[in-house]
2 protein chains.
Amino acid sequence: MYSMWMAELAARAGCSVPTVKYYLREGLLHPGEATGATRARYDETHLQRLRLIRALTEVGGLRLETVHQVLDDIAHASSWHEAVGSAHTRLPGPFDDEAPPSAESAARVEAMLERQEWQLAPGHPQARRIARALDVLDGLGHPVSDRLLDLYAAALRPLAAYEVHAVHDVGPDGEPDVEPSVEAAVVGTLLQEPILLAIRRIAQENVSRRLAED
Amino acid sequence: MYSMWMAELAARAGCSVPTVKYYLREGLLHPGEATGATRARYDETHLQRLRLIRALTEVGGLRLETVHQVLDDIAHASSWHEAVGSAHTRLPGPFDDEAPPSAESAARVEAMLERQEWQLAPGHPQARRIARALDVLDGLGHPVSDRLLDLYAAALRPLAAYEVHAVHDVGPDGEPDVEPSVEAAVVGTLLQEPILLAIRRIAQENVSRRLAED
DNA sequence: TGACATTGGATAGTTCGACTGTCTAATATT
DNA sequence: AATATTAGACAGTCGAACTATCCAATGTCA
(Lines give C-alpha, C1' and ligand atoms only; values in the text may rest on other atoms or scores of the structure.)
Protein backbone atom coordinates (compact mmCIF):
# COMPACT_ATOMS: atom_id res chain seq x y z
CA MET A 1 0.00 0.00 0.00
CA TYR A 2 1.20 3.45 -0.88
CA SER A 3 2.68 5.27 2.06
CA MET A 4 3.99 8.77 2.65
CA TRP A 5 5.52 11.11 5.17
CA MET A 6 3.45 13.49 7.14
CA ALA A 7 4.14 16.44 4.86
CA GLU A 8 2.58 14.71 1.88
CA LEU A 9 -0.35 13.47 3.95
CA ALA A 10 -1.10 16.98 5.13
CA ALA A 11 -0.82 18.44 1.66
CA ARG A 12 -3.13 15.85 0.16
CA ALA A 13 -5.71 16.30 2.91
CA GLY A 14 -5.59 20.06 2.47
CA CYS A 15 -4.41 20.97 5.91
CA SER A 16 -1.15 21.94 7.59
CA VAL A 17 1.40 19.64 9.17
CA PRO A 18 0.81 21.14 12.65
CA THR A 19 -2.89 20.46 12.24
CA VAL A 20 -2.21 16.81 11.48
CA LYS A 21 0.02 16.64 14.52
CA TYR A 22 -2.78 18.17 16.52
CA TYR A 23 -5.28 15.53 15.35
CA LEU A 24 -2.77 12.81 16.23
CA ARG A 25 -2.37 14.26 19.69
CA GLU A 26 -6.12 14.40 20.18
CA GLY A 27 -6.46 10.79 19.12
CA LEU A 28 -8.61 11.60 16.11
CA LEU A 29 -6.09 10.07 13.76
CA HIS A 30 -4.37 6.74 14.36
CA PRO A 31 -0.56 6.96 14.55
CA GLY A 32 1.53 6.21 11.51
CA GLU A 33 3.86 3.28 11.32
CA ALA A 34 7.05 4.31 13.07
CA THR A 35 10.18 3.71 11.01
CA GLY A 36 12.53 5.04 13.64
CA ALA A 37 12.56 7.25 16.68
CA THR A 38 11.59 10.34 14.73
CA ARG A 39 9.92 9.05 11.62
CA ALA A 40 6.62 7.50 10.68
CA ARG A 41 4.83 6.63 7.49
CA TYR A 42 1.16 7.18 6.75
CA ASP A 43 -1.09 5.48 4.23
CA GLU A 44 -4.45 5.92 2.56
CA THR A 45 -6.39 5.05 5.68
CA HIS A 46 -4.90 8.13 7.28
CA LEU A 47 -5.80 10.24 4.27
CA GLN A 48 -9.36 8.92 4.24
CA ARG A 49 -9.72 9.57 7.94
CA LEU A 50 -8.41 13.10 7.61
CA ARG A 51 -10.86 13.84 4.81
CA LEU A 52 -13.69 12.48 6.93
CA ILE A 53 -12.67 14.58 9.92
CA ARG A 54 -12.57 17.72 7.84
CA ALA A 55 -15.89 16.98 6.19
CA LEU A 56 -17.57 16.37 9.54
CA THR A 57 -16.19 19.57 11.04
CA GLU A 58 -16.42 21.91 8.07
CA VAL A 59 -19.60 20.65 6.46
CA GLY A 60 -21.35 19.08 9.39
CA GLY A 61 -20.22 21.72 11.86
CA LEU A 62 -19.25 19.09 14.42
CA ARG A 63 -16.77 19.88 17.15
CA LEU A 64 -13.67 17.73 17.21
CA GLU A 65 -14.79 16.04 20.41
CA THR A 66 -18.04 15.02 18.73
CA VAL A 67 -16.14 13.79 15.70
CA HIS A 68 -14.18 11.61 18.08
CA GLN A 69 -17.32 10.09 19.55
CA VAL A 70 -18.96 9.58 16.19
CA LEU A 71 -15.84 7.87 14.82
CA ASP A 72 -15.86 5.58 17.85
CA ASP A 73 -19.51 4.77 17.25
CA ILE A 74 -18.74 3.87 13.67
CA ALA A 75 -15.77 1.74 14.67
CA HIS A 76 -17.56 -0.16 17.42
CA ALA A 77 -20.75 -0.70 15.51
CA SER A 78 -22.05 -4.20 16.12
CA SER A 79 -25.25 -3.77 14.17
CA TRP A 80 -26.15 -1.33 11.52
CA HIS A 81 -29.34 -0.06 13.05
CA GLU A 82 -27.89 0.36 16.51
CA ALA A 83 -24.90 2.28 15.22
CA VAL A 84 -27.04 4.65 13.22
CA GLY A 85 -29.19 5.30 16.25
CA SER A 86 -26.30 6.07 18.54
CA ALA A 87 -24.61 8.22 15.93
CA HIS A 88 -27.86 10.13 15.51
CA THR A 89 -28.13 10.85 19.18
CA ARG A 90 -24.54 12.07 19.21
CA LEU A 91 -24.94 14.38 16.27
CA PRO A 92 -25.44 17.83 17.61
CA GLY A 93 -28.33 20.09 17.07
CA PRO A 94 -29.79 23.03 18.84
CA PHE A 95 -31.25 22.52 22.28
CA ASP A 96 -28.59 20.18 23.48
CA ASP A 97 -28.81 21.78 26.89
CA GLU A 98 -30.90 19.99 29.43
CA ALA A 99 -33.86 22.34 29.48
CA PRO A 100 -37.06 20.37 29.03
CA PRO A 101 -39.68 21.41 26.49
CA SER A 102 -43.13 22.49 27.56
CA ALA A 103 -45.65 19.71 28.13
CA GLU A 104 -47.81 21.13 25.33
CA SER A 105 -45.09 20.97 22.74
CA ALA A 106 -43.96 17.54 23.87
CA ALA A 107 -47.54 16.32 23.51
CA ARG A 108 -47.85 17.82 20.04
CA VAL A 109 -44.71 16.03 18.93
CA GLU A 110 -45.96 12.78 20.47
CA ALA A 111 -49.22 13.16 18.59
CA MET A 112 -47.43 13.80 15.32
CA LEU A 113 -45.32 10.68 15.80
CA GLU A 114 -48.43 8.65 16.46
CA ARG A 115 -50.17 10.00 13.39
CA GLN A 116 -47.14 8.85 11.42
CA GLU A 117 -47.06 5.53 13.26
CA TRP A 118 -43.48 6.20 14.16
CA GLN A 119 -42.11 4.71 17.30
CA LEU A 120 -39.55 6.46 19.39
CA ALA A 121 -38.23 5.87 22.85
CA PRO A 122 -39.79 8.45 25.18
CA GLY A 123 -37.52 11.38 25.81
CA HIS A 124 -35.72 10.70 22.57
CA PRO A 125 -33.36 13.61 21.81
CA GLN A 126 -34.80 14.30 18.37
CA ALA A 127 -38.31 14.55 19.79
CA ARG A 128 -37.06 16.85 22.51
CA ARG A 129 -35.38 19.07 19.94
CA ILE A 130 -38.54 19.41 17.93
CA ALA A 131 -40.57 20.25 21.01
CA ARG A 132 -38.07 22.85 22.14
CA ALA A 133 -38.01 24.38 18.68
CA LEU A 134 -41.79 24.68 18.81
CA ASP A 135 -41.48 26.46 22.15
CA VAL A 136 -38.92 28.93 20.85
CA LEU A 137 -40.96 29.69 17.73
CA ASP A 138 -44.07 30.18 19.86
CA GLY A 139 -42.13 32.58 22.07
CA LEU A 140 -41.15 34.61 19.03
CA GLY A 141 -44.73 34.89 17.88
CA HIS A 142 -44.21 32.58 14.91
CA PRO A 143 -45.95 29.39 15.95
CA VAL A 144 -45.73 26.24 13.89
CA SER A 145 -48.98 24.47 13.06
CA ASP A 146 -49.63 20.75 13.45
CA ARG A 147 -50.43 20.79 9.78
CA LEU A 148 -46.92 21.90 8.93
CA LEU A 149 -45.42 19.22 11.15
CA ASP A 150 -47.49 16.63 9.31
CA LEU A 151 -46.40 18.03 5.98
CA TYR A 152 -42.77 17.79 7.02
CA ALA A 153 -43.25 14.21 8.10
CA ALA A 154 -45.17 13.25 4.98
CA ALA A 155 -42.56 14.83 2.73
CA LEU A 156 -39.60 13.24 4.50
CA ARG A 157 -41.06 9.76 4.88
CA PRO A 158 -40.40 8.53 1.33
CA LEU A 159 -37.06 10.34 1.27
CA ALA A 160 -35.88 8.56 4.38
CA ALA A 161 -36.98 5.22 2.98
CA TYR A 162 -34.98 5.80 -0.17
CA GLU A 163 -31.90 7.02 1.70
CA VAL A 164 -31.82 4.18 4.19
CA HIS A 165 -32.35 1.53 1.55
CA ALA A 166 -29.63 3.08 -0.57
CA VAL A 167 -26.92 2.69 2.07
CA HIS A 168 -28.34 -0.56 3.33
CA ASP A 169 -28.18 -2.27 -0.05
CA VAL A 170 -24.56 -1.37 -0.54
CA GLY A 171 -23.87 -2.50 2.98
CA PRO A 172 -23.65 -5.83 4.78
CA ASP A 173 -24.60 -8.56 2.35
CA GLY A 174 -24.17 -11.35 4.79
CA GLU A 175 -23.49 -9.66 8.06
CA PRO A 176 -19.81 -8.75 8.24
CA ASP A 177 -18.26 -5.48 7.25
CA VAL A 178 -20.81 -3.28 8.95
CA GLU A 179 -18.44 -0.39 9.30
CA PRO A 180 -18.39 0.99 5.76
CA SER A 181 -22.13 1.19 5.54
CA VAL A 182 -22.43 2.70 8.98
CA GLU A 183 -20.01 5.37 7.88
CA ALA A 184 -22.13 5.83 4.78
CA ALA A 185 -25.20 6.27 6.94
CA VAL A 186 -23.63 8.82 9.25
CA VAL A 187 -22.08 10.70 6.37
CA GLY A 188 -25.36 10.51 4.51
CA THR A 189 -27.37 11.82 7.41
CA LEU A 190 -25.07 14.65 8.28
CA LEU A 191 -23.41 15.74 5.08
CA GLN A 192 -26.53 15.62 2.96
CA GLU A 193 -28.29 18.00 5.31
CA PRO A 194 -26.79 21.11 3.68
CA ILE A 195 -28.05 19.88 0.32
CA LEU A 196 -31.54 19.35 1.66
CA LEU A 197 -31.61 22.79 3.29
CA ALA A 198 -30.20 24.54 0.24
CA ILE A 199 -32.82 22.95 -1.99
CA ARG A 200 -35.50 24.04 0.44
CA ARG A 201 -34.27 27.62 0.25
CA ILE A 202 -34.16 27.53 -3.53
CA ALA A 203 -37.68 26.16 -3.62
CA GLN A 204 -38.88 28.90 -1.27
CA GLU A 205 -37.25 31.59 -3.34
CA ASN A 206 -38.93 30.31 -6.47
CA VAL A 207 -42.34 30.21 -4.87
CA SER A 208 -41.72 33.66 -3.49
CA ARG A 209 -40.66 35.06 -6.86
CA ARG A 210 -43.72 33.70 -8.55
CA LEU A 211 -45.89 35.37 -5.96
CA ALA A 212 -44.00 38.64 -6.47
CA GLU A 213 -44.43 38.47 -10.25
CA ASP A 214 -48.20 38.66 -10.35
CA MET B 1 -46.03 51.08 26.67
CA TYR B 2 -44.58 49.07 29.50
CA SER B 3 -40.98 49.93 30.17
CA MET B 4 -38.31 48.57 32.47
CA TRP B 5 -34.71 48.93 33.58
CA MET B 6 -31.98 46.85 32.11
CA ALA B 7 -32.00 44.31 34.94
CA GLU B 8 -35.61 43.32 34.27
CA LEU B 9 -35.03 43.26 30.52
CA ALA B 10 -32.12 40.90 30.93
CA ALA B 11 -33.99 38.63 33.30
CA ARG B 12 -37.00 38.40 31.01
CA ALA B 13 -34.85 37.65 27.99
CA GLY B 14 -32.99 34.98 29.89
CA CYS B 15 -29.55 36.48 29.72
CA SER B 16 -27.26 38.49 31.97
CA VAL B 17 -27.03 42.25 32.28
CA PRO B 18 -23.45 42.30 30.96
CA THR B 19 -24.60 40.36 27.93
CA VAL B 20 -27.28 42.94 27.22
CA LYS B 21 -24.66 45.65 27.57
CA TYR B 22 -22.50 43.74 25.14
CA TYR B 23 -25.29 43.57 22.55
CA LEU B 24 -25.87 47.30 22.97
CA ARG B 25 -22.19 47.97 22.40
CA GLU B 26 -22.19 45.81 19.29
CA GLY B 27 -25.19 47.63 17.91
CA LEU B 28 -27.40 44.54 17.90
CA LEU B 29 -29.87 46.16 20.26
CA HIS B 30 -31.13 49.71 19.88
CA PRO B 31 -30.38 51.95 22.89
CA GLY B 32 -33.00 52.47 25.54
CA GLU B 33 -34.58 55.81 26.21
CA ALA B 34 -32.17 57.72 28.42
CA THR B 35 -33.78 59.18 31.52
CA GLY B 36 -30.60 60.74 32.78
CA ALA B 37 -26.87 60.44 32.45
CA THR B 38 -26.75 56.96 33.88
CA ARG B 39 -30.22 55.57 33.36
CA ALA B 40 -32.26 54.29 30.48
CA ARG B 41 -35.55 52.53 30.09
CA TYR B 42 -36.28 49.62 27.76
CA ASP B 43 -39.58 48.39 26.36
CA GLU B 44 -41.06 45.38 24.65
CA THR B 45 -39.31 46.09 21.37
CA HIS B 46 -36.04 45.53 23.19
CA LEU B 47 -37.31 42.31 24.70
CA GLN B 48 -38.56 41.04 21.36
CA ARG B 49 -35.25 41.90 19.73
CA LEU B 50 -33.29 40.13 22.43
CA ARG B 51 -35.38 37.00 22.05
CA LEU B 52 -34.85 37.09 18.30
CA ILE B 53 -31.09 37.51 18.71
CA ARG B 54 -30.89 34.58 21.06
CA ALA B 55 -33.04 32.38 18.84
CA LEU B 56 -30.93 33.17 15.80
CA THR B 57 -27.68 32.44 17.60
CA GLU B 58 -28.70 29.48 19.73
CA VAL B 59 -31.10 27.73 17.38
CA GLY B 60 -29.89 28.96 14.04
CA GLY B 61 -26.24 28.89 15.00
CA LEU B 62 -25.62 32.33 13.53
CA ARG B 63 -22.68 34.40 14.61
CA LEU B 64 -23.54 37.77 16.10
CA GLU B 65 -22.10 39.57 13.09
CA THR B 66 -24.44 37.60 10.83
CA VAL B 67 -27.37 38.34 13.12
CA HIS B 68 -26.50 42.00 12.68
CA GLN B 69 -26.61 41.74 8.90
CA VAL B 70 -29.80 39.71 8.88
CA LEU B 71 -31.52 42.19 11.18
CA ASP B 72 -30.44 44.99 8.86
CA ASP B 73 -31.85 43.10 5.90
CA ILE B 74 -35.15 42.70 7.69
CA ALA B 75 -35.25 46.35 8.68
CA HIS B 76 -34.39 47.72 5.24
CA ALA B 77 -36.65 45.38 3.33
CA SER B 78 -38.40 47.25 0.56
CA SER B 79 -40.15 44.24 -0.89
CA TRP B 80 -40.92 40.91 0.62
CA HIS B 81 -39.36 38.79 -2.05
CA GLU B 82 -36.15 40.79 -2.27
CA ALA B 83 -35.68 40.75 1.49
CA VAL B 84 -36.13 37.03 1.69
CA GLY B 85 -33.60 36.55 -1.06
CA SER B 86 -30.97 38.72 0.54
CA ALA B 87 -31.56 37.19 3.94
CA HIS B 88 -31.16 33.75 2.39
CA THR B 89 -27.83 34.64 0.86
CA ARG B 90 -26.65 35.97 4.20
CA LEU B 91 -27.68 32.93 6.17
CA PRO B 92 -24.62 30.85 6.64
CA GLY B 93 -24.05 27.35 5.53
CA PRO B 94 -21.08 25.24 4.85
CA PHE B 95 -18.82 26.19 1.95
CA ASP B 96 -18.95 29.89 2.54
CA ASP B 97 -15.33 30.09 1.56
CA GLU B 98 -14.66 31.14 -1.99
CA ALA B 99 -13.56 27.80 -3.39
CA PRO B 100 -15.51 27.04 -6.55
CA PRO B 101 -17.21 23.70 -7.07
CA SER B 102 -16.14 21.36 -9.84
CA ALA B 103 -17.64 21.97 -13.25
CA GLU B 104 -19.28 18.55 -13.13
CA SER B 105 -21.10 19.16 -9.89
CA ALA B 106 -22.11 22.65 -10.94
CA ALA B 107 -23.56 21.19 -14.13
CA ARG B 108 -25.45 18.51 -12.21
CA VAL B 109 -27.02 21.14 -9.99
CA GLU B 110 -27.90 23.25 -13.03
CA ALA B 111 -29.56 20.24 -14.62
CA MET B 112 -31.54 19.48 -11.50
CA LEU B 113 -32.77 23.07 -11.33
CA GLU B 114 -33.85 22.87 -14.95
CA ARG B 115 -35.68 19.62 -14.40
CA GLN B 116 -37.57 21.38 -11.63
CA GLU B 117 -38.09 24.46 -13.76
CA TRP B 118 -36.54 26.53 -11.04
CA GLN B 119 -34.76 29.70 -11.98
CA LEU B 120 -31.75 30.91 -10.14
CA ALA B 121 -29.19 33.57 -10.87
CA PRO B 122 -26.01 31.85 -12.05
CA GLY B 123 -23.47 31.47 -9.29
CA HIS B 124 -26.23 31.67 -6.72
CA PRO B 125 -24.80 30.78 -3.29
CA GLN B 126 -27.29 27.99 -2.63
CA ALA B 127 -26.45 26.31 -5.91
CA ARG B 128 -22.75 26.66 -5.16
CA ARG B 129 -23.26 25.06 -1.77
CA ILE B 130 -25.04 22.09 -3.23
CA ALA B 131 -22.34 21.61 -5.84
CA ARG B 132 -19.58 21.84 -3.26
CA ALA B 133 -21.40 19.35 -1.04
CA LEU B 134 -21.58 16.95 -3.97
CA ASP B 135 -17.83 17.34 -4.45
CA VAL B 136 -17.07 16.63 -0.81
CA LEU B 137 -19.32 13.57 -0.73
CA ASP B 138 -17.72 12.29 -3.92
CA GLY B 139 -14.29 12.74 -2.38
CA LEU B 140 -15.37 10.68 0.61
CA GLY B 141 -16.55 7.85 -1.61
CA HIS B 142 -20.22 8.47 -0.85
CA PRO B 143 -21.52 10.06 -4.04
CA VAL B 144 -25.03 11.44 -4.27
CA SER B 145 -27.13 10.34 -7.22
CA ASP B 146 -29.12 12.65 -9.46
CA ARG B 147 -32.12 10.58 -8.48
CA LEU B 148 -31.69 11.57 -4.84
CA LEU B 149 -31.35 15.24 -5.78
CA ASP B 150 -34.61 14.98 -7.69
CA LEU B 151 -36.29 13.26 -4.77
CA TYR B 152 -35.16 16.04 -2.45
CA ALA B 153 -36.51 18.64 -4.83
CA ALA B 154 -39.78 16.84 -5.36
CA ALA B 155 -40.30 16.38 -1.64
CA LEU B 156 -39.50 19.98 -0.75
CA ARG B 157 -41.45 21.64 -3.54
CA PRO B 158 -44.92 21.38 -1.97
CA LEU B 159 -43.47 22.10 1.46
CA ALA B 160 -41.92 25.35 0.26
CA ALA B 161 -45.16 26.36 -1.38
CA TYR B 162 -47.05 25.83 1.84
CA GLU B 163 -44.47 27.64 3.94
CA VAL B 164 -44.18 30.68 1.73
CA HIS B 165 -47.93 31.06 1.35
CA ALA B 166 -48.33 30.74 5.08
CA VAL B 167 -46.14 33.72 5.89
CA HIS B 168 -47.25 35.63 2.83
CA ASP B 169 -50.91 35.47 3.72
CA VAL B 170 -50.30 36.82 7.17
CA GLY B 171 -48.11 39.49 5.67
CA PRO B 172 -48.62 42.65 3.65
CA ASP B 173 -52.30 43.00 2.86
CA GLY B 174 -51.94 46.19 0.96
CA GLU B 175 -48.25 46.79 0.72
CA PRO B 176 -47.04 48.44 3.93
CA ASP B 177 -45.75 46.73 6.96
CA VAL B 178 -43.42 44.38 5.13
CA GLU B 179 -41.11 43.97 8.07
CA PRO B 180 -43.13 41.60 10.27
CA SER B 181 -43.66 39.12 7.50
CA VAL B 182 -40.06 39.35 6.38
CA GLU B 183 -39.07 38.50 9.92
CA ALA B 184 -41.51 35.62 9.79
CA ALA B 185 -39.91 34.39 6.60
CA VAL B 186 -36.37 34.54 7.93
CA VAL B 187 -37.37 32.99 11.20
CA GLY B 188 -39.35 30.37 9.36
CA THR B 189 -36.51 29.50 7.06
CA LEU B 190 -33.86 29.29 9.68
CA LEU B 191 -35.56 28.21 12.87
CA GLN B 192 -37.70 25.53 11.29
CA GLU B 193 -34.62 23.85 9.87
CA PRO B 194 -33.89 21.93 13.09
CA ILE B 195 -37.43 20.60 13.04
CA LEU B 196 -37.10 19.43 9.47
CA LEU B 197 -33.76 17.76 10.16
CA ALA B 198 -34.96 16.09 13.35
CA ILE B 199 -38.00 14.67 11.59
CA ARG B 200 -35.73 13.35 8.86
CA ARG B 201 -33.59 11.57 11.43
CA ILE B 202 -36.64 10.09 13.13
CA ALA B 203 -37.97 8.89 9.81
CA GLN B 204 -34.63 7.31 8.97
CA GLU B 205 -34.44 5.57 12.32
CA ASN B 206 -37.88 4.10 11.82
CA VAL B 207 -37.11 2.81 8.37
CA SER B 208 -33.87 1.43 9.70
CA ARG B 209 -35.55 -0.32 12.62
CA ARG B 210 -38.08 -1.94 10.37
CA LEU B 211 -35.29 -3.29 8.22
CA ALA B 212 -33.52 -4.61 11.30
CA GLU B 213 -36.67 -6.33 12.57
CA ASP B 214 -37.11 -8.72 9.69
C1' DT C 1 31.41 11.12 4.30
C1' DG C 2 29.57 15.09 5.83
C1' DA C 3 26.48 19.20 5.50
C1' DC C 4 21.79 20.27 5.89
C1' DA C 5 16.94 20.23 5.51
C1' DT C 6 13.09 17.50 7.45
C1' DT C 7 10.65 14.81 10.79
C1' DG C 8 8.20 13.46 15.12
C1' DG C 9 7.13 14.73 19.56
C1' DA C 10 6.53 17.96 23.31
C1' DT C 11 5.13 22.34 24.92
C1' DA C 12 3.73 26.90 24.75
C1' DG C 13 1.46 30.63 22.34
C1' DT C 14 -2.18 32.67 19.21
C1' DT C 15 -6.68 33.78 17.34
C1' DC C 16 -11.52 34.34 17.41
C1' DG C 17 -16.02 34.80 19.09
C1' DA C 18 -18.78 35.57 22.91
C1' DC C 19 -19.16 36.88 26.78
C1' DT C 20 -17.89 38.41 32.02
C1' DG C 21 -15.80 41.32 35.71
C1' DT C 22 -14.43 45.58 37.52
C1' DC C 23 -14.59 50.39 38.10
C1' DT C 24 -16.68 54.98 38.41
C1' DA C 25 -19.86 58.54 38.60
C1' DA C 26 -24.59 59.34 38.69
C1' DT C 27 -29.17 58.18 40.21
C1' DA C 28 -33.11 55.82 42.37
C1' DT C 29 -35.12 54.09 46.54
C1' DT C 30 -35.88 53.89 51.38
C1' DA D 1 -28.93 60.88 54.05
C1' DA D 2 -27.68 56.11 53.35
C1' DT D 3 -27.75 52.45 50.42
C1' DA D 4 -28.36 49.92 46.34
C1' DT D 5 -28.56 50.19 41.26
C1' DT D 6 -27.41 51.70 36.99
C1' DA D 7 -24.97 53.08 32.42
C1' DG D 8 -21.01 53.06 30.24
C1' DA D 9 -16.10 52.19 29.43
C1' DC D 10 -12.60 48.90 29.34
C1' DA D 11 -9.98 45.05 30.43
C1' DG D 12 -10.06 40.15 31.45
C1' DT D 13 -11.74 35.28 30.71
C1' DC D 14 -12.95 31.05 28.39
C1' DG D 15 -13.12 27.27 25.09
C1' DA D 16 -12.16 25.55 20.65
C1' DA D 17 -9.02 24.96 17.15
C1' DC D 18 -5.25 25.59 15.68
C1' DT D 19 -0.06 27.53 15.07
C1' DA D 20 4.77 28.34 16.36
C1' DT D 21 8.99 27.08 18.48
C1' DC D 22 12.34 23.69 20.14
C1' DC D 23 14.89 19.69 20.04
C1' DA D 24 17.22 15.58 18.99
C1' DA D 25 17.21 12.10 15.55
C1' DT D 26 17.02 11.07 10.57
C1' DG D 27 17.01 10.89 5.70
C1' DT D 28 19.15 12.82 1.56
C1' DC D 29 22.24 14.59 -1.54
C1' DA D 30 26.85 16.59 -2.92
Side-chain angles (χ1 to χ4, degrees), chain A residues 3-43 46 49-71 90 92 94 96-97, chain B residues 3-43 46 49-71 90 92 94 96-97:
Chain A
S3 72
M4 59 200 124
W5 300 118
M6 187 187 279
E8 186 181 343
L9 175 69
R12 290 225 270 156
C15 56
S16 69
V17 167
T19 297
V20 174
K21 289 184 177 184
Y22 173 64
Y23 290 161
L24 282 168
R25 246 178 294 148
E26 298 293 309
L28 283 163
L29 187 62
H30 45 295
E33 193 187 349
T35 67
T38 66
R39 243 87 219 287
R41 296 196 68 85
Y42 304 88
D43 59 32
H46 296 90
R49 171 57 58 95
L50 269 181
R51 290 209 174 115
L52 182 56
I53 293 171
R54 298 203 71 80
L56 291 175
T57 54
E58 291 175 9
V59 183
L62 300 197
R63 289 188 330 203
L64 290 184
E65 186 192 338
T66 309
V67 172
H68 207 319
Q69 296 170 335
V70 168
L71 292 176
R90 287 227 195 281
D96 284 344
D97 48 69
Chain B
S3 71
M4 58 200 126
W5 300 119
M6 187 187 280
E8 184 181 344
L9 175 68
R12 290 225 272 157
C15 55
S16 69
V17 167
T19 298
V20 174
K21 289 183 177 183
Y22 172 64
Y23 291 161
L24 282 168
R25 246 178 293 145
E26 297 295 308
L28 283 163
L29 186 63
H30 46 293
E33 195 189 348
T35 66
T38 67
R39 245 85 220 288
R41 296 195 70 85
Y42 304 89
D43 58 32
H46 296 91
R49 171 57 59 96
L50 269 181
R51 291 207 173 119
L52 182 57
I53 292 171
R54 298 202 72 81
L56 290 175
T57 55
E58 290 174 12
V59 182
L62 300 197
R63 293 195 326 223
L64 291 184
E65 186 191 337
T66 309
V67 172
H68 207 317
Q69 295 170 337
V70 169
L71 293 176
R90 287 227 197 280
D96 285 344
D97 48 68

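Letters go in sequence order (proteins before strands), and every chain restarts at 1. A quick note: this is a predicted structure, and the numbers were derived from the prediction, not measured.
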What is the distance from [atom1] of [X] to [atom2] of [N], rounded to the nearest Å?
{"X": "A:Lys21", "N": "D:dT21", "atom1": "NZ", "atom2": "P", "answer": "13 Å"}
{"X": "A:Leu29", "N": "C:dG9", "atom1": "CG", "atom2": "P", "answer": "12 Å"}
{"X": "B:Glu8", "N": "D:dA7", "atom1": "CD", "atom2": "C1'", "answer": "17 Å"}
{"X": "B:Arg39", "N": "D:dG8", "atom1": "CZ", "atom2": "C1'", "answer": "13 Å"}
{"X": "B:Leu9", "N": "D:dT6", "atom1": "CG", "atom2": "P", "answer": "12 Å"}
{"X": "A:Met6", "N": "C:dG9", "atom1": "CE", "atom2": "P", "answer": "7 Å"}
{"X": "B:Tyr42", "N": "D:dT6", "atom1": "OH", "atom2": "P", "answer": "11 Å"}
{"X": "A:Met4", "N": "C:dT6", "atom1": "CE", "atom2": "P", "answer": "19 Å"}

Side-chain touch A:Tyr22/A:Arg25, heavy atoms, less than 4.5 angstrom: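 Yes; the side chains approach each other to less than 4.5 Å.
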Sub-4.5 Å side-chain heavy-atom contact between B:Val17 and B:Trp5: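 When only atoms from C-beta onward are counted, B:Trp5 and B:Val17 do not touch, as no gap falls below 4.5 Å.
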Between [options], which nucleotide gets closest to the side-chain atoms of [X]?
{"X": "B:Tyr22", "options": "C:dA18, C:dT27, D:dA17", "answer": "C:dA18"}
{"X": "A:Pro18", "options": "C:dA26, C:dA28, D:dA20", "answer": "D:dA20"}
{"X": "A:Ala37", "options": "C:dA18, C:dT20, D:dA25", "answer": "D:dA25"}
{"X": "A:Arg25", "options": "C:dT7, C:dA12, C:dG21", "answer": "C:dA12"}

B:Thr35 or B:Glu65, whichever maps to the more 5' nucleotide of DNA chain C: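 Closer to the 5' end of DNA chain C: B:Glu65.
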B:Leu62 vs B:Gly36, nearer the 5' end of DNA chain C by closest nucleotide: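 So the residue in question is B:Leu62.
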Exam field: side chain B:His46 to backbone B:Pro31, donor-acceptor pair closer than 3.5 Å: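 Checked: pair present.
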Pair B:Ser3-B:Glu33, side-chain contact (heavy atoms from CB on, under 4.5 Å): steps then yes or no: CA-CA 10 Å; B:Ser3 71; B:Glu33 195 189 348; over 6 Å; no
Taking 4.0 Å as the cut-off, does a side-chain nitrogen or oxygen of [X] come that near to OP1 or OP2 on [N]?
{"X": "B:Thr38", "N": "C:dA28", "value": "no"}
{"X": "A:Ser16", "N": "D:dC18", "value": "no"}
{"X": "B:Thr19", "N": "C:dT20", "value": "yes"}
{"X": "A:Tyr23", "N": "D:dA17", "value": "no"}

Sugar-phosphate, base or nothing in reach of B:Arg63, heavy atoms under 4.0 Å: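 The residue B:Arg63 makes sugar-phosphate contact but no base contact.
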Sugar-phosphate, base or nothing in reach of B:Ala34, heavy atoms under 4.0 Å: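 The answer is nothing, as B:Ala34 stays clear of every strand by at least 4.0 Å.
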B:Tyr42 and B:Arg49 side chains, donor-acceptor separation under 3.5 Å: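 Not at all, the side chains of B:Arg49 and B:Tyr42 share no donor-acceptor pair under 3.5 Å.
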